[in-house]
2 protein chains.
Amino acid sequence: MEENKYVTIYDIAERLNLATSTISRALKDHHTISEKTIKKVKKTAEEMGFVPNTLAAGLRGNKTKTIGVLIPTVTQPFLSSLISGIEIAAQKSGYTVIIMQSHDSSEEEVNMAKSLYSNRVSGVICSLAMETRDTSHFLQFSNNNIPLVFVDRVPKDFNTFRVVIDNYSAGYKATKHLIDQGCTRIAHLTAGSEFGNLYNERKRGYTEALRDHNLPVDEELIVNLKSVTYEAGVKASNKLFDLNPIPDGIFAPGDIIAVSAVQTAKKRGIKVPEDVAVIGFNNDPISEIIDPNLSTITHPAEKMGKAAAEIIIKKLKSAKHDEVKEITFLNTEVLVRESSARK
Amino acid sequence: MEENKYVTIYDIAERLNLATSTISRALKDHHTISEKTIKKVKKTAEEMGFVPNTLAAGLRGNKTKTIGVLIPTVTQPFLSSLISGIEIAAQKSGYTVIIMQSHDSSEEEVNMAKSLYSNRVSGVICSLAMETRDTSHFLQFSNNNIPLVFVDRVPKDFNTFRVVIDNYSAGYKATKHLIDQGCTRIAHLTAGSEFGNLYNERKRGYTEALRDHNLPVDEELIVNLKSVTYEAGVKASNKLFDLNPIPDGIFAPGDIIAVSAVQTAKKRGIKVPEDVAVIGFNNDPISEIIDPNLSTITHPAEKMGKAAAEIIIKKLKSAKHDEVKEITFLNTEVLVRESSARK
DNA sequence: TTGTATGCGTTATCAC
DNA sequence: GTGATAACGCATACAA
């Protein structure tokens, strides 16, 4: 390894008395270069500690083999698993992933999007910040034919790829499961009603399931959370357990919230699942650990990440300027564990 | 926003009948450019939808304002919090963060390091893969004067910056806390004894604390985990609870492991903290949620990330080629919660 | 099969 | 205050 100096193809060319173009081609196994030369070049490159300069290559070719990921935070199990999936798929095709966090702020999201564009990423995967309404900062990508995929928290009206689950049917399934367990007074914790079509869809599934099974939709059993945190969950759960009679089932749109309901119930001497059956959402690691184990809806984070990355890579390969922007729906399943198993 | 074409400073220059050099300088508030021109240029740039090309700038100036982060995985609370800290500090100084995961594989770590180098990152922050012994793939950074900071899982013998906690004294404190609670038969779960000086240090703190308080170091109370997973923790805990008498205290070097001990105890009818007091490590979110709440040692992930990023930024600013590579120690604290509170 | 020449977008140097 | 020009490292069109 040379000291203090980047080795370039020019250095290799000089050493071997070849043209830089030959070096460049040899390093990429170009078919017009002889086996012998290729071997020789690669060997010397290795010896001299040559590492290609991606900046130069990207500038020249106007493509970077980089996928930009723009998400609210990496500290949520769902999102870190999403990254994991993206990364695995990207790596398989030789793509680099660059991750930026919006911290659920629209303003930061705008800046980060600009930064990704500035870095000339080849494609973008995004899960929207909670407060984002205006999505015009994503036009710079679609206008320039940079593949853009929204995942999970997607905008309503933006013509691009989406990878999502069917939140409506997931909410329906969760609720139906509780009904199947014999629950008749099922509560629902929900969040972000104004924007998040995501939570709204789960709620719609909940109400439809009740209706389909001739159960009343009781507004006092639907509690809106200010934020999706453990503390907010405790507060909301206490509200439910203050009712008389208390609900005999709870569908929470996230595992953290569901866990808060379970713990709050336990603290108040309410038995789970005997007195109240609980089902969460996401299948976060914690759902398997708490006691009783939490029933939940699977949310295939890693698969979604993989799918999103593959869409981008495929799009980049075909290079066609087609206008078909499909929506990819991934499956969810009811995972029955102790917290809702009554029979 | 223009369609399908990156706007360059050349386009702006043409539109305004100015030289590209003037545009470039105006956009950076260069003092030799008149206020009027600066304003005009910025306005037109905005109008035309100009976004600087970081690749070109990086190539030209041979610096990218990008910090590369190389960690085992993003799906661990400690590491995702670390990233969060890095990102916040980086963003404040206009740096971009690019994250790569080694998945605890040395081979991938070597590749990713090369990729970071290839991307001409300005600095690197790394927490080593579990299996990494040979660290020569990091020489490319130090040899080329690219600031390199190791965090948490650091190599023994590499002359560069380190940001760590004092694992020895943390282990000592945890053990002493259990002793203070009246425990006399304290078990320790540990891991990766061959390499990880990190776990070894915690263990050393454990044994020293016992010795200092005239308690015997009983080898049957020290169980080595194959991996730091919940399942491995359950297995090890069962081994401990099969002993007669069982230990009256357990110090686990991670919260997941500690939680597995607590849950296993509960399942066997052993009371926590009455029969056995448990203390973990890291202060992961789960430690506050399980019942009983888990006592733990704080591990200031976000602060560590912030510190690491700041070291790099500072180093980059000074540009001096000094040889002082300090080690930054961050504080840890005993967080007493229910799982170890006996009095 | 290999070489020559050029340009990607920016910035620094030097000139005016 | 502003302009012309070269250079960063690589990849490609074209020539040989």
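Labels below follow one simple rule: chain letters A, B, ... track the order of the sequence lines, proteins then strands, and each chain is numbered from 1.
Contacts of B:Asn53 with the nucleic acid, taken as non-hydrogen atoms under 4.0 Å apart, involve only primed sugar atoms and P, OP1 or OP2. Within the 4.0 angstrom heavy-atom criterion, base atoms lie near A:Thr32. A:Asp11 comes within 4.0 angstrom of no nucleic acid atom, judged by non-hydrogen atoms across all strands. Counting non-hydrogen atoms under 4.0 angstrom, B:Ser34 reaches the backbone sugars and phosphates but no base.
Looking at A:Ser21, its side chain has no donor and acceptor atom pair within 3.5 Å of the base of D:dA11. Taking only distance into account, the side chain of A:Arg60 never meets the base of C:dG9 through a donor-acceptor pair shorter than 3.5 Å. On a pure distance criterion of 3.5 Å, no polar donor-acceptor pair joins the side chain of B:Arg120 and the base of D:dG9.
In this structure, B:Thr37 and A:Pro52 both approach DNA chain D, and ranking their closest nucleotides by distance from the 5' end singles out B:Thr37. Heavy-atom nearest nucleotides on DNA chain C were determined for A:His30 and for A:Thr20, and the one closer to the 5' end corresponds to A:His30. The nearest heavy atom of DNA chain D to A:Leu55 and to B:Asn17 marks one nucleotide each, and the one closer to the 5' end goes with B:Asn17.
Out of C:dT13, C:dT2, D:dA11, the shortest distance to the side chain of A:Ser24 is found at D:dA11.
A distance below 6.0 Å separates the ring centres of A:Phe158 and A:Phe150.
Distances shown here put every side-chain N or O of B:Thr22 at or beyond 4.0 Å from the OP1 or OP2 atom of D:dT2.
Considering OG1 of B:Thr64 and OH of B:Tyr95, their distance stands at 8.5 Å, rounded to 0.5 Å.
The pair B:Lys39-B:Glu35 does not count as a salt bridge, with every side-chain nitrogen at least 4.0 angstrom from each carboxylate oxygen.
Annotation: side chain of B:Leu116 is in contact with side chain of B:Phe141 (closest heavy-atom distance under 4.5 Å).
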